[in-house]
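Here is the structure we will look at, set down as structure tokens.
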2 protein chains.
Amino acid sequence: MTTARRSDATRAAILEAARERFASDGYDRATIRSIARDAGIDPSMVMRYYGNKEGLFAAASEIELNLPELGGLPARHVGAVLVTHFLERWERDDVLTGLLRVGVTNEAGAERMRAIFAQQLGPVTRGVCPDPAEAPRRAALVASQILGMALTRYVLRLPPVVEMTPEEIVAWLGPTVQRYLTAEAP
Amino acid sequence: MTTARRSDATRAAILEAARERFASDGYDRATIRSIARDAGIDPSMVMRYYGNKEGLFAAASEIELNLPELGGLPARHVGAVLVTHFLERWERDDVLTGLLRVGVTNEAGAERMRAIFAQQLGPVTRGVCPDPAEAPRRAALVASQILGMALTRYVLRLPPVVEMTPEEIVAWLGPTVQRYLTAEAP
DNA sequence: ATGGAATGTCAACGCCCGTTGGCCTACAGT
DNA sequence: ACTGTAGGCCAACGGGCGTTGACATTCCAT
């Protein structure tokens with residue numbers, strides 16, 4: 001294991017400031033200078049520890065969705081469970097919002113987003129959909145609805161979406177996700 | 001009426017170049033200089049005709065969704081019709097993709113997006129959903145799925161979504177939109 | 001034909017960016 | 001106690017940006 005470094009606190013401060021700035025400003029407007037200011041250090045420290053701006057973003061956008069195992073629960077609940085989980089994940093911190101913002105304007109961000117959904121959402125769907133060969137497609141359909149909700153609620157802030165309670169969102173979106181996962185292919 | 005100006009061709013060239021750049025690069029990376037280069041004129045002409053970068057974006061993002069009237073057709077087809085229409089609209093040109101890109105990183109873009117969906121999608125839903133008072137919420141749910149599809153297909157380019165044919169997308173998303181519009185509130 | 005407005009070019013401005021390299025400072029291993 | 005090294009700051013660089021104002025050209029109404 002790697003031993004603790006004296007600079008660990010600084011590294012963490014940079015990473016936290018970076019996540020917030022990327023989330024609220026997007027890749028271009030989140031400047032290294034502003035991130036350094038938030039972290040209370042010099043911009044050159046960012047370069048020293050993360051190489052360059054792309055490296056910083058790569059480090060700041062490492063994400064674990066921590067999706068639940070869907071295998072053990074009644075098949076007709078997986079939609080609601082999945083929507084609930086994503087909603088909580090999105091409300092807890094703004095890393096995912098940041099990733100969404102950056103994924104839209106930056107190819108590295110888009111690639112990161114593709115990887116996360118392929119590696120973390122894909123496997124979970126494999127166990128619950130009728131034909132495993134169709135798992136990627138069904139996961140992508142789920143992603144389209146989940147990300148659309150995140151986009152309209154946390155980024156574009158369409159008023160009717162913002163005003164809905166989490167319970168209402170689960171009630172509306174749960175059956176949709178459910179159908180994308182388990183229904184016969186149309 | 002305003003008479004034709006000698007500079008109309010230049011104005012149009014600027015607008016077309018701006019739409020393409022905003023669509024492919026987003027607001028920040030779409031520079032006035034690159035737009036002027038594409039249009040074959042000097043950057044200062046952009047300032048003369050559109051005031052500043054924000055004015056140029058406002059002019060470049062005027063959009064007519066041209067949504068069909070849903071009142072006249074069988075209630076159980078409105079979902080498929082709506083999805084088909086949006087899909088065609090999105091494939092025809094990249095103005096909507098551009099608006100989506102800009103709406104994510106730029107507050108003016110987000111406001112434009114909110115206005116378009118409120119003014120153009122809202123009224124259409126009013127005629128087909130059970131309780132007119134719920135029309136905005138149902139329109140927003142529809143927007144969440146439609147925009148999520150656009151996001152994953154045209155911006156993030158999730159491979160399984162890109163590979164789907166328009167017919168397959170309509171078959172999967174049509175019932176979802178249908179339910180958001182016409183089903184009983186859960 | 002001519003004066004003036006419309007159209008367009010050119011060079012420059014001030015600003016902020018990512019990034020670099022040099023220089024102090026303070027700690028840790030010996 | 002001494003020294004090497006990691007941590008940190010500072011000043012500067014080259015470059016691209018949005019924007020501006022002075023100047024040249026073209027066209028049209030008179």
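The chains referred to below are lettered A, B, ... by the order of the sequence lines, with proteins before strands, and numbering in each begins at 1.
Distance CG (A:D42) to P (C:dC23): 16 Å, rounded to an integer number of Å. Rounded to an integer number of Å, the gap from CZ of A:R29 to C1' of D:dC17 is 13 Å. Remark: P of C:dT9 and CZ of B:R37 are 14 Å apart, rounded to the nearest angstrom. The interatomic distance linking A:I41 (CD1) with D:dC10 (C1') rounds to 13 Å, in whole Å. One interatomic measurement links the two molecules: CG of A:D28 to P of D:dG18, which rounds to 12 Å at whole-angstrom precision. As rounded to whole Å, 12 Å separates atom P of D:dG8 from atom OH of A:Y50. Across the protein-nucleic acid pair, B:N52 atom CG and D:dG18 atom P stand 11 Å apart, rounded to whole Å. As a whole-Å value, the separation of B:I35 CD1 from D:dC17 P is 11 Å.
Residues from residues 9-23 of chain A lying near DNA chain C, meaning a heavy-atom separation below 4.0 Å, are absent. Residues from residues 101-112 of chain B with heavy atoms under 4.0 angstrom of DNA chain C: there are none.
Salt-bridge check for A:E163 with B:R137: failed, with every basic side-chain N at 4.0 Å or more from each acidic carboxylate O. Salt-bridge annotation for A:R153 and A:E91: present, with a side-chain N of the basic residue lying under 4.0 Å from a carboxylate O of the acidic one.
Under 3.5 Å, the side chains of A:Y180 and A:T125 contain no donor-acceptor pair of N or O atoms. Between B:Q145 and A:S144, the side chains place a donor N or O and an acceptor N or O closer than 3.5 Å (distance only, hydrogens not considered).
Inter-residue side-chain proximity for B:V46 and B:I41 is flagged as met; some heavy-atom pair is nearer than 4.5 Å. Residues B:M149 and B:W90 fail the side-chain proximity criterion, which asks for heavy atoms closer than 4.5 Å.
The base of C:dG18 is paired with the side chain of A:R33 by a donor and an acceptor separated by under 3.5 Å.
For C:dC17, the OP1/OP2 oxygens have a side-chain nitrogen or oxygen of A:T31 closer than 4.0 Å. Listed pair A:Y49 / D:dA6 fails the phosphate criterion, with no side-chain N or O lying under 4.0 Å from OP1 or OP2.
In the set C:dT19, D:dG7, D:dT19, the nucleotide with an atom closest to the side chain of A:I32 is C:dT19. Here D:dG8 is the nucleotide among D:dG8, C:dT19, C:dT7 with the atom lying nearest to any side-chain atom of A:R48.
Other residues, nucleotides and ligands place more than 12 heavy atoms under 6.0 Å from the CD atom of A:E111.
Note on ring orientation: taking the six-membered ring where Trp is involved, the planes of A:F57 and A:F22 are perpendicular (angle over 60°, cut-offs 30° and 60°).
Ranked by how close their nearest DNA chain C nucleotide is to the 5' end, B:M45 and A:S44 are led by B:M45.
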Q: Decide side-chain contact (heavy atoms from CB on, under 4.5 Å) for A:F86 and A:L82; before the verdict, give the C-alpha distance in whole Å, the side-chain angles of both, and the deciding distance to 0.1 Å.
A: CA-CA 6 Å; A:F86 269 106; A:L82 214 49; 4.3 Å; yes
